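Chain letters run A, B, ... following the sequence lines, proteins first and then strands; every chain starts at 1. Since this is a predicted model, take the numbers as computed values, not measurements.
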Amino acid sequence: MNINLTLFLQMISFAVFVWFCMTYVWPPIMQALETRKTKIAEGLAAAERGAQEQELGRQRALEVMQQAKTDAAEIVAQAQKRYNDILEQAKQDADAENSRLKSAAQAEIEQQANRAREELRERVATLAVAAAEKILQQEIDASAHKTLLDSFAKQI
Amino acid sequence: MSADALTAQHYIQHHLTNLTLGLHPEHGLSFARSSAEAAEMGFWAIHVDTIFFSLLLGGLFLWFFKSVAEKATAGVPNGAQNFVEWIVDFVNENVRGSFSGQNPLVAPLALTIFVWVLLMNTMDLIPVDLLPFYFQHLMATFGADPHHVFFKVVPTTDPNTTFGMALVVFFLVLYYSIKIKGVGGFVGELTLQPFGKWGMPANLVLEGISLLSKPVSLALRLFGNLYAGEMIFILIALMYGHNLIMDVSGGLMQLAWAIFHILIVTLQAFIFMVLTIVYLDMAHQHH
């Protein structure tokens, strides 16, 4: 119960304990707590950001899909149009070729016919001359054969 | 203990005497063999038991907290770290709630006070005769008379401990009052309120008393509560060794008082811490 030197020793011990606590105990623990606090805050913020980004990504994906659908429909429509064009073109080409061939054939036929006619005419003339020669050789009785010769000449 | 040779009065007095080492005018440097001898040693004596247990418990506290602090991780804490963080957080919250200034000393000071005082108070829950009994027998093997070997295991029932802590707090209050407010500001605070400059003597008396009452009340509150608590344990212990009914009722009373005393043990440590924070906060405030 007496107040004595113990008082000073206890004061010194207390001061040393406080100093020790302040130097070696408190700062590392507080630092760990602070770091954890920051980490948790960062984690929560990152989670929030992630959720936002996911939502944005989802919307973006929807947009892309919509766009792709529109593009695809457009491409199909274009292809259809192109198909029709080509078909039409081919029809026209075929018609043109058809008439061209037809007219060429017509011309050929006409040419052939003309040539045959010419040839025939030459042959008939030759034949007529030959016939005439023969008749002339046999007898020429101009008066008797005059009618015949005339009809020949008319025919030529 | 209380049976034959010792009367109740001796028993109580025996338990309230510290193991005092000092320079006795007749016996020289020795352990006091009675409370009268301890008193005769005057100021230059030390209470070995108080010093031993306070250093042991303070060392235990700092060793445990330091070992946790070294391995402290910002990741998932293990059990020990979780426990330490729980206490540190509790103290830190109290400091933040009551202390408005910026001072890196206050929070570690509060932590040291809370845990150290709590540990010293908890020594009160060890049955009063247990440690003294073994210590007396140990000393008897060295040739000491066991009846004159004193041993007090609760450092906070020694006013040297509580006044020592309170004085350190008081010096901190003075230091920071002068540092923050300047000598003029501090003197002004002591002399110019509450009655203005014409009531200076009255102001000085009032403020001086309120200033000095801080360490005194801080020390006496802790000492008084723990001293009274220990006294009741001693009185209950007097009931043992007479007959079965006394033994059983004494045991029940000791149990009941110990359970209630847990509250006092914690509460007094908490009050000492909170008042220290508040006093230092007042020292940091400008007017």
* Using atom types as modelled and distance alone, determine if a side-chain donor or acceptor of R36(A) lies under 3.5 Å from a backbone N or O of T73(B). => yes
* Could you have a look at A72(B), A38(B), G58(B) and say which one has the most heavy-atom pairs with chain A under 4.5 angstrom? => G58(B)
* To do: Locate the shortest heavy-atom distance separating I3(A) from P159(B); write the atom from each residue and the value.
  => CD1-CB, 4.1 Å
* With a 4.5 angstrom heavy-atom cut-off, which part of Q81(B) approaches chain A: side chain, backbone, both or neither? -> side chain
* Structure fact -> Given S35(B), A45(B), G164(B), P155(B), the one with more heavy-atom pairs under 4.5 angstrom with chain A than any other is A45(B)
* To do: Write down the atom of C21(A), the atom of F61(B), and the distance for their closest heavy-atom approach.
  => SG-CZ, 4.3 Å
* Looking at side-chain heavy atoms only, is the closest gap between V25(A) and F64(B) below 4.5 Å? -> no
* Structure fact -> Turns out that what part of V48(B) lies under 4.5 Å from chain A's heavy atoms comes down to neither
* Asked: Counting heavy atoms not belonging to Q9(B), are there more than 12 under 6.0 Å from its CD?
  -> no
* **Residue selection (most heavy-atom pairs with chain A, distance under 4.5 Å) from L167(B), V91(B), V88(B), V68(B)** => V88(B)
* Side chain, backbone, both or neither: which part of D89(B) has a non-hydrogen atom closer than 4.5 Å to chain A? -> side chain
* **Donor-acceptor contact below 3.5 Å, side chain N160(B) vs main chain N2(A)** => yes
* Measure the CG-CG distance between L23(B) and L5(A) for me, rounded to the nearest 0.5 Å. => 12.0 Å
* In Å, rounded to the nearest 0.5 Å, how long is the span from CE of M165(B) to CZ of F14(A)? -> 4.0 Å
* Might you confirm whether atom CD of Q54(A) has over 12 heavy atoms from other residues, nucleotides or ligands at distances under 6.0 Å? => no
* **Exceeds 12 heavy-atom contacts within 6.0 angstrom, atom CD of Q102(B)** => no
* Output the option from N92(B), I113(B), T20(B), T162(B) having the highest count of non-hydrogen pairs under 4.5 Å with chain A. => N92(B)
* **Side chain to side chain, L105(B) and W19(A), heavy atoms closer than 4.5 Å** => no
* Asked: So does Y24(A) have more than 12 non-hydrogen atoms from other groups sitting under 6.0 Å from OH?
  -> no
* To do: Answer yes if the side chains of Q10(A) and S54(B) hold a donor-acceptor pair under 3.5 Å, and no otherwise.
  => yes
* Asked: Hey, what do you get for CD (E70(B)) to CD1 (I29(A)), rounding to the nearest 0.5 Å?
  -> 10.5 Å
* Separation between CG of L57(B) and CZ of F17(A), rounded to the nearest 0.5 Å -> 8.5 Å
* Name the region of E34(A), side chain, backbone, both or neither, that has any atom closer than 4.5 Å to a heavy atom of chain B. => side chain
* Carefully, step by step, assess F43(B) and F8(A) under the rule ring pair (Phe, Tyr, Trp, His ring centres under 6.0 Å). => CA-CA 11 Å; F43(B) 185 78; F8(A) 289 124; 5.7 Å; yes
* Of all of P77(B), G42(B), S67(B), which one pairs up most often with chain A through heavy atoms under 4.5 Å apart? -> P77(B)
